[in-house]
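Data first, discussion second: the structure below is written as structure tokens.
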Amino acid sequence: MHAWLCESLDGVDGLKWRELPTPEPRAGEVRVAIRAASLNFPDSLTIVGKYQIKPELPFVPGSEFAGRVDAVGDGVTHLKVGDTVAGTAASGGFGTHACIDARRVLPLPAGFDMADAAAFAFTYGTSHHALLDRGELKAGETVLVLGAAGGVGTAAVQIAKAAGARVIAAASSDAKCSFLKDLGADATINYASTPLRDALKSLTEGKGPDIVYDPVGGDLAEQAFRSIAWRGRFLVVGFAAGGSIPALPLNLPLLKGASIVGVFWGDFARREPKAFAAGMKQLLQWYAEGKVKPAIDCKLPMAELRAAYARMATRQVQGKVVLVND
Ligand SMILES: NC(=O)c1ccc[n+]([C@@H]2O[C@H](COP(=O)([O-])OP(=O)(O)OC[C@H]3O[C@@H](n4cnc5c(N)ncnc54)[C@H](OP(=O)(O)O)[C@@H]3O)[C@@H](O)[C@H]2O)c1
């Protein structure tokens, strides 16, 4: 097999394309011949040692992939060689083969597109858990999605629409706003050129959004919270803006009767497997009905992983970048 090996925590400079012994699955694992893998923001933190999960060096990065099971370890009864699957893991996806805990694998319906499969569970799982489970989104409510053109953002826009919400999608350029309109957003805000609070005021007749979905953090977090509606829910999803983690004065939730709600999809999947499975089942159903579909920014050969990382670092990605094996 071949894979990108992270040999030092120097970002893309620490990544080397290596030939490695093909691993045999241990008990409870399957080996997947990878057709496609997608880049998620945590993949850019892992290779500089800044993600909460820190694999031991050297490791193969890549937290999400799809392909065909080509070997099955002892004790695995629900998967067999030839099944098409998608998987999420702390590492392992940016190569031709990976062994993965069979419990972290999602069997796919026949004909599921491999690029879509590699760009599905992480982002749609996160946004479904965030909006419907943690945020208790109801039809007719208004959702503000920050960083809406990114991976979890595009999934949040589609899921909120599928759940009957009005969606205000916010991003940093007119091009991204136009992409988000095409994706189904009811309104957009370019927060690089328009003050967020003014735009929200006019788009919601002064009421504010019922839910703020925030994968960005930075200066936008407090601005968005100050605009939230009475009984609003502010979903803390991530901190893509970097810098210091935003802090909120606690009088703000008091004055709005609003909640700050944490979202941690990885632990949700581990701690609440039945609720996780129910969420994925609904998402697969919505995919089959055409209500959700990953927005694929581009497909690149696996060998061009460094270019994929560069696109994400420079905020060019609209949706998801997918790496494919021949
Ligand atoms: N809580 C959870 O369970 C969970 C699960 C998955 C991901 N996450 C987190 O969610 C966040 C987004 O992940 P993602 O995979 O959707 O990433 P992504 O595709 O790169 O999207 C992130 C968005 O953040 C915005 N952004 C603002 N400042 C940025 C900066 N300095 N650098 C890069 N992007 C910046 C960009 O939009 P604009 O250019 O339009 O501002 C970009 O589209 C990450 O922090 C990730 O760790 C959390």
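Scope of the values below: all heavy atoms of this structure, side chains included, with no hydrogens, waters or symmetry mates. In listed order, ligands and their atoms are each counted from 1.
- With no hydrogens or angles considered, no side-chain donor-acceptor pair links N190 and K176 at under 3.5 Å.
- Counting non-hydrogen atoms of neighbouring residues, nucleotides and ligands closer than 6.0 angstrom, the CD atom of Q52 exceeds 12 such neighbours.
- Each of the atoms 40 (O) of ligand 1 lies under 4.0 Å from some heavy atom of A171.
- Not one N or O of Y51 is nearer than 3.5 Å to an N or O of ligand 1, by distance alone.
- In F268, neither the side chain nor the backbone holds a heavy atom less than 4.0 Å from any atom of ligand 1.
- Applying the 4.0 Å criterion to heavy atoms of V263 picks out, from ligand 1, the atoms 1 (N), 2 (C), 3 (O).
- Short contacts between ligand 1 and Y191, defined as distances under 4.0 Å to a heavy atom of the residue, involve ligand atoms 37 (O), 38 (P), 40 (O), 41 (O).
- Only the side chain of T126 comes within 4.0 Å of ligand 1, counting heavy atoms alone; its backbone N, CA, C and O stay farther away.
- Using a 4.0 Å threshold on non-hydrogen atoms, atom 27 (C) of ligand 1 counts as touching the protein.
- You'll find the ring centres of F122 and W265 inside the 6.0 Å limit.
- Under 4.0 Å is where a charged nitrogen must lie from a carboxylate oxygen, and between R231 and E141 no such pair does.
- Ion pairing between K80 and D83 holds under the 4.0 Å rule for side-chain N and carboxylate O.
- Within 6.0 Å of the NZ atom in K299, the count of heavy atoms belonging to other residues, nucleotides or ligands does not exceed 12.
- Atom numbering of ligand 1 starts at 1 in the shown order; those under 4.0 Å from a heavy atom of F122 are 5 (C), 6 (C).
- Sorted by first and then second residue, the ring-ring contact (aromatic ring centres under 6.0 Å, His included) pairs involving residues 18-75 (not counting sequence neighbours) form an empty list.
- Counting non-hydrogen atoms of neighbouring residues, nucleotides and ligands closer than 6.0 angstrom, the NZ atom of K50 reaches no more than 12 such neighbours.
- In terms of protein heavy atoms, atom 15 (O) of ligand 1 is closest to F41 N, 3.0 Å.
- Between M312 and ligand 1, not a single N/O pair is under 3.5 Å apart.
- For ligand 1, the atoms sitting less than 4.0 Å from at least one non-hydrogen atom of F264 are 3 (O), numbered in the order shown with element in parentheses.
- If you check the side chains of T84 and R68, you find no donor sitting under 3.5 Å from an acceptor.
- Note: F112 and F120 meet the aromatic proximity criterion, with ring centroids under 6.0 Å apart.
- Looking only at atom types and distance, the side chain of R197 has no donor-acceptor partner in the side chain of Q223 under 3.5 Å away.
- At the top of the distance list for atom 45 (O) of ligand 1, counting protein heavy atoms only, stands F239 N, 3.2 Å.
- Polar contact check, W265 against ligand 1: a nitrogen or oxygen pair lies under 3.5 Å apart.
- Closest to atom 32 (N) of ligand 1 among all protein heavy atoms lies A240 O, 3.4 Å.
- The N/O atoms of V317, backbone and side chain alike, include none that comes under 3.5 Å of an N/O atom in ligand 1.
- Contact annotation for H129 and ligand 1: no heavy atom of the residue comes within less than 4.0 Å of the ligand.
- Here the protein heavy atom with the shortest distance to atom 34 (N) of ligand 1 is R315 CG, 3.6 Å.
- Atom 19 (O) of ligand 1 has its closest protein heavy atom at G151 N, 2.8 Å.
- Counting heavy atoms of neighbouring residues, nucleotides and ligands inside a 6.0 Å radius, atom CG of D10 exceeds 12 of them.
- Side-chain contact, S63 with D43: a donor N or O sits under 3.5 Å from an acceptor N or O.
- Atom 38 (P) of ligand 1 has as its closest protein heavy atom S172 OG, 3.2 Å.
- Considering backbone and side-chain atoms alike, P42 places every N or O at 3.5 Å or more from each N or O of ligand 1.
- Nearest to atom 16 (O) of ligand 1 among the protein's heavy atoms is V152 N, 2.8 Å.
- The nearest heavy-atom contact from the protein to atom 11 (C) of ligand 1 is P215 O, 3.4 Å.
- Considering both main-chain and side-chain atoms, A313 never comes within under 3.5 Å of ligand 1 through any nitrogen or oxygen pair.
- Considering both main-chain and side-chain atoms, V237 comes within under 3.5 Å of ligand 1 through a nitrogen or oxygen pair.
- Put simply, the side chain of V32 reaches to within 4.5 Å of the side chain of I100, judged on heavy atoms.
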